[in-house]
**Q** 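Submitted below is the structure of interest, expressed as structure tokens.
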Amino acid sequence: HNFWVRNCTFTALCAASRKTIPAEESSVDVQLDFEEFVHYLQDYDKDLTLEVKSFDKTNAGYIDPKELVQSLRDLGVHISLQQAENALKSMEKNGMITISSNCVAKVEKTANLPEIILYWKHSTIFDVGDNLLVPDEFTLEEKQTGMWWRHLVAGGGAGAVSRTCTAPLDRLKVMMQVYGSRTNNMCIMSGLTQMIREGGPRSLWRGNGINILKIAPETALKFMAYEQIKRLIGSDKETLSILERFVAGSMAGVIAQSTIYPMEVLKTRLALRKTGQYSGISDCAKQILRREGLTAFYKGYVPNILGIIPYAGIDLAIYETLKNRYLQQYGSSSSDPGVLVLLACGTVSSTCGQLASYPLALVRTRMQAQAACDGDSRGVSMSTLFRQILQSEGPAGLYRGLAPNFLKVIPAVSISYVVYEHIKTQLGVTSR
């Protein structure tokens, strides 16, 4: 912090660093990356705070020469009173280091280092419908105090409200993915009109119930799997590297998706159903099981799992790149990018991740819907379907339904953020 750079003598800094940084580390690598700096702060924040506060022993708001001599002596550095006066005179005309109330407030605000570190983490509360993001990380303190489940509950509630508000666009996306073609060039307005004409305004929310129901098991499974995989990787660190997060997040996503995948198939079938075709979720499941067998609940599983890898990898890489680029250009006076910058970085990175994985998502949806649309319970393979789409519709066919998918991103993110903050306040969750 500029305050300490301005107001501590070079001797004091050397002494403090000699006391806190092991000699073998300080002689090898003089440059720290952010991750190393985080762990250094976590290890030594209490020691540093005590050393800093020890200068102004009388709490008078300034440091006189005698206090400086005594403080340096406590650190193992012996200087004369004359040397202390000379050092102070080189800083301020009155021979004292004044500590303003602003500086004290800054120090008090930054005393809680875990809160600063948590601010940098990629939050996953912004729900855009396809929950493929890498899970958030929680500190040991959050796990011990029970804050972690409050964050998950707040995120789940925000996701439920967000998905409900954007459900018409989500159903329209599924309709365009399955029924859209060169001969049936369904657009947003014609698709919405067609759905309302067939089943009334309520039909716009078909499939939303199961979409909300799968939030809780998916989030819980992903979080638990992520924590276990972190232990298997052998990382005791609270802040993982990008590669470690990518590996752990992708594997956790695969485990969660494998478990709840039958709910994904039910969601697609319920979104595509005609009026009166199914009486509810359980009736839909029974009919699929009776007509197509158990394997029908895992149609499209392979492209779904393959889609997690480019989504998670691109999302993480672009998020970190954008955030770091912003800080390099505009973050000279502050290491805090601000919530709007983080939100923008998250939205752009998520959008790029979706673009990369969207063709796989479209093929997955078509495979899930094959028996319902074509009446053929056997279906075709992923590679055959890719080839058919490219031959009949060209590369653009792999991106049908992309417009409503992107249209729902901004409202989904905004609603998620507002609802998350509200639920977080109600649950008494501390700021991250």
Side-chain angles (χ1 to χ4, degrees), residues 33-36 38-39 42-43 114 117-156 158-159 214-264 298 300-321 323 342 345-346 349-350 352-354 356-357 360-361 364 432:
D33 61 23
F34 179 71
E35 187 178 334
E36 291 171 332
V38 165
H39 294 302
Q42 288 173 327
D43 289 339
I117 295 160
L118 282 167
Y119 199 83
W120 283 81
K121 295 194 311 182
H122 187 185
S123 182
T124 58
I125 61 167
F126 310 121
D127 184 4
V128 292
D130 294 314
N131 193 9
L132 300 178
L133 294 173
V134 174
D136 210 349
E137 298 168 38
F138 296 97
T139 63
L140 184 62
E141 184 183 354
E142 283 178 312
K143 291 170 187 172
Q144 289 173 342
T145 57
M147 284 297 169
W148 66 272
W149 69 260
R150 290 183 175 91
H151 279 290
L152 292 181
V153 168
K214 72 185 179 75
I215 291 175
E218 184 175 15
T219 304
L221 282 165
K222 190 184 287 186
F223 172 69
M224 289 188 290
Y226 187 66
E227 292 298 313
Q228 293 302 316
I229 293 164
K230 274 172 63 178
R231 291 191 184 95
L232 288 174
I233 290 173
S235 176
D236 300 329
K237 301 175 290 185
E238 287 182 1
T239 305
L240 298 181
S241 68
I242 294 179
L243 181 61
E244 286 174 330
R245 286 197 70 195
F246 168 63
V247 172
S250 297
M251 290 175 69
V254 168
I255 292 168
Q257 283 287 306
S258 299
T259 309
I260 62 100
Y261 192 74
M263 298 177 83
E264 294 280 359
Y298 279 88
Y301 174 77
V302 174
N304 184 66
I305 296 303
L306 290 176
I308 292 173
I309 298 169
Y311 191 107
I314 291 169
D315 179 47
L316 268 178
I318 291 179
Y319 178 84
E320 293 297 330
T321 302
K323 186 187 71 178
L342 293 181
C345 292
S349 63
S350 178
C352 293
Q354 284 192 57
S357 62
L360 287 162
R364 174 204 67 190
R432 303 190 73 185

**Q** To check you understand the geometry: which heavy-atom pair defines the closest contact between I229 and A248, and what is its length?
**A** CG2-CA, 3.7 Å

**Q** Can a donor-acceptor pair be found between the side chains of N304 and Q257 at a distance below 3.5 Å?
**A** yes

**Q** Quick check: closest heavy atoms across S357 and G307, and the distance to 0.1 Å?
**A** CB-O, 3.5 Å

**Q** Using side chain to side chain contact (heavy atoms under 4.5 Å, CB included) as the criterion, point out the one residue from K214, R364, E218 that pairs with Y261.
**A** R364

**Q** Checking P262 now: which residues fulfil side-chain contact (heavy atoms from CB on, under 4.5 Å) with it, not counting sequence neighbours?
**A** F297, Y298

**Q** Using a 6.0 Å cut-off, check whether atom CE of M263 has over 12 heavy atoms from anything other than its own residue.
**A** yes

**Q** Calculate, to the nearest 0.5 Å, the distance between atoms CG and CG belonging to L306 and L360 respectively.
**A** 6.0 Å

**Q** Using the test side-chain contact (heavy atoms from CB on, under 4.5 Å), find all partners of S258 that sit at least two apart in sequence or belong to another chain.
**A** V254, Y301, I305

**Q** Quick one: OH on Y226 to CZ on R231, what's the gap to the nearest 0.5 Å?
**A** 12.5 Å

**Q** Specify the closest pair of heavy atoms between A317 and T321, including all atoms of both residues, with the distance to one decimal.
**A** O-OG1, 2.7 Å

**Q** Over all heavy atoms of both residues, which pair between P217 and I260 is shortest? Give the atoms and the distance, please.
**A** CB-CG2, 4.0 Å

**Q** Kindly give the heavy-atom pair with the smallest separation between G159 and I215, and that separation in Å.
**A** C-CD1, 3.7 Å

**Q** Kindly give the heavy-atom pair with the smallest separation between K222 and G253, and that separation in Å.
**A** CE-CA, 4.3 Å

